[in-house]
Amino acid sequence: MTQVKYVDEFNLALTKANLESELKQAQKKVRDFNKFLEDRYLEKAKQKLNEDNKDFGTANIFDGNQKVKVELRKKVEWDQDKLTQFLNSLTPEEANHLVKFTVSIPEAKFVNALPTMQEKLKEFRTVSLQGVKVSFEEQE
């Protein structure tokens, strides 16, 4: 990991706040620019995909001397109740062929479970570090 030299090593809280502010500004600029690109190319990409009888996918558009690749990604959601009913009407082999099951317990429910239940559930639970956050507070 590369060490970064900070301008003010004695006021880490101020340095962190400044960096976070710069990051927020940069993220807003990226969002605004992405919106500009979407406004510029979305309709052309939809037309191109429509010519191929598609609603989603990748469309290559030429703008001047640049080839612009526009990806229209899809998000799929399933009606959980109706899908479960349908899957229950299939044989176990058919259902297992079609479905990927993921089972989890929300952390709030695990924490609020009775200690005896928590002990039983710990056997199936893996906890790992997701990230580290450091913050500062002024002391009076």
Side-chain angles (χ1 to χ4, degrees):
M1 189 162 131
T2 307
Q3 276 296 73
V4 178
K5 269 296 200 195
Y6 297 105
V7 176
D8 187 353
E9 290 187 27
F10 296 103
N11 194 338
L12 296 175
L14 180 60
T15 301
K16 185 173 190 288
N18 288 338
L19 290 171
E20 287 173 344
S21 174
E22 290 173 20
L23 176 61
K24 249 184 198 177
Q25 291 171 13
Q27 288 171 329
K28 184 184 180 328
K29 286 179 183 178
V30 169
R31 280 192 307 273
D32 291 347
F33 187 68
N34 285 339
K35 177 70 174 120
F36 163 78
L37 293 174
E38 183 179 319
D39 290 345
R40 183 171 179 149
Y41 296 114
L42 179 60
E43 286 308 313
K44 292 176 186 174
K46 283 181 176 181
Q47 288 174 350
K48 189 102 167 150
L49 288 169
N50 195 312
E51 291 169 8
D52 296 332
N53 294 318
K54 294 181 182 179
D55 292 326
F56 302 97
T58 301
N60 293 307
I61 300 167
F62 292 91
D63 188 0
N65 64 349
Q66 288 188 329
K67 178 180 175 183
V68 181
K69 181 172 137 180
V70 182
E71 297 176 58
L72 276 65
R73 298 172 297 196
K74 64 181 170 182
K75 178 180 178 182
V76 176
E77 294 181 12
W78 297 91
D79 181 315
Q80 298 297 297
D81 294 332
K82 290 179 182 176
L83 181 59
T84 300
Q85 276 183 327
F86 172 73
L87 292 172
N88 285 334
S89 73
L90 302 177
T91 66
E93 294 80 21
E94 290 172 318
N96 285 333
H97 176 73
L98 291 172
V99 178
K100 174 186 172 191
F101 286 100
T102 302
V103 181
S104 66
I105 297 173
E107 189 62 13
K109 291 198 179 209
F110 174 80
V111 169
N112 290 315
L114 295 172
T116 53
M117 182 61 74
Q118 283 183 1
E119 280 306 310
K120 292 176 185 175
L121 292 171
K122 282 182 182 178
E123 179 183 343
F124 317 111
R125 186 173 183 254
T126 302
V127 180
S128 57
L129 180 64
Q130 184 176 355
V132 176
K133 181 178 179 181
V134 178
S135 58
F136 298 92
E137 257 183 47
E138 291 292 325
Q139 298 294 312
E140 295 180 23

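- Residues Phe36 and Tyr41 share a hydrophobic cluster, clusters being chains of Ile/Leu/Val/Met/Phe/Trp/Tyr side chains in contact below 4.5 Å.
- Side-chain atoms of Gln80 come within 3.5 Å of backbone N or O of Trp78 as a donor-acceptor pair.
- Contact record, Leu72 with Asp55: CD2-O, 4.0 Å, taken as the closest heavy-atom pair.
- A salt bridge links Lys16 to Glu20: at least one charged side-chain nitrogen sits closer than 4.0 Å to a carboxylate oxygen.
- Atom CD of Gln27 sits about 4.0 Å away from atom CG of Leu23, to the nearest 0.5 Å.
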(request) Begin from the C-alpha positions of Arg31 and Lys35 and carry the test side-chain contact (heavy atoms from CB on, under 4.5 Å) through to its verdict. (result) CA-CA 6 Å; Arg31 280 192 307 273; Lys35 177 70 174 120; over 6 Å; no
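- A distance-only check finds a donor-acceptor pair linking the side chain of Asn88 to the backbone of Thr84 [under 3.5 Å].
- Of the inter-residue distances, the one linking Asn50 atom CG with Glu43 atom CD reads 10.5 Å to the nearest 0.5 angstrom.
- When Asn96, Val99, Leu98 are each tested for a side chain to side chain contact (heavy atoms under 4.5 Å, CB included) with Leu90, only one passes: Leu98.
- Heavy-atom minimum distance, Ile61 versus Ala45: CD1-N, 3.5 Å.
- Taking every heavy atom of both residues into account, Gln118 and Asn112 meet most closely at NE2-N, 4.3 Å.
- In this structure, Lys48 does not pair ionically with Asp52, as no charged nitrogen and carboxylate oxygen lie closer than 4.0 Å.
- Under a 4.0 Å N-O distance rule, the pair Glu107/Arg125 qualifies as a salt bridge.
- Using a 4.0 Å cut-off between a side-chain N of Lys or Arg and a carboxylate O of Asp or Glu, Glu119 and Lys122 qualify as a salt bridge.
- Note that CZ of Phe33 is 14.0 Å distant from NZ of Lys28, once rounded to the nearest 0.5 Å.
- Residues Leu129 and Val111 are members of separate hydrophobic clusters, defined by side-chain heavy-atom contacts under 4.5 angstrom among Ile, Leu, Val, Met, Phe, Trp and Tyr.
- Phe101 and Ile105 fall into different hydrophobic clusters, where Ile, Leu, Val, Met, Phe, Trp and Tyr are joined by side-chain heavy atoms under 4.5 Å apart, directly or via other members.
- Put simply, the side chain of Thr15 gets close to the backbone of Asn11: a donor and an acceptor are under 3.5 Å apart.
- Between Arg40 and Asp63 there is a salt bridge, since a side-chain N of the basic residue sits under 4.0 Å from a carboxylate O of the acidic one.
- By the criterion of side-chain heavy atoms lying less than 4.5 angstrom apart, applied directly or through intervening Ile, Leu, Val, Met, Phe, Trp or Tyr residues, Val103 is not grouped with Leu121; the two fall into different hydrophobic clusters.
- In terms of heavy atoms, Thr58 sits closest to Lys69 at CG2-CG, 3.4 Å.
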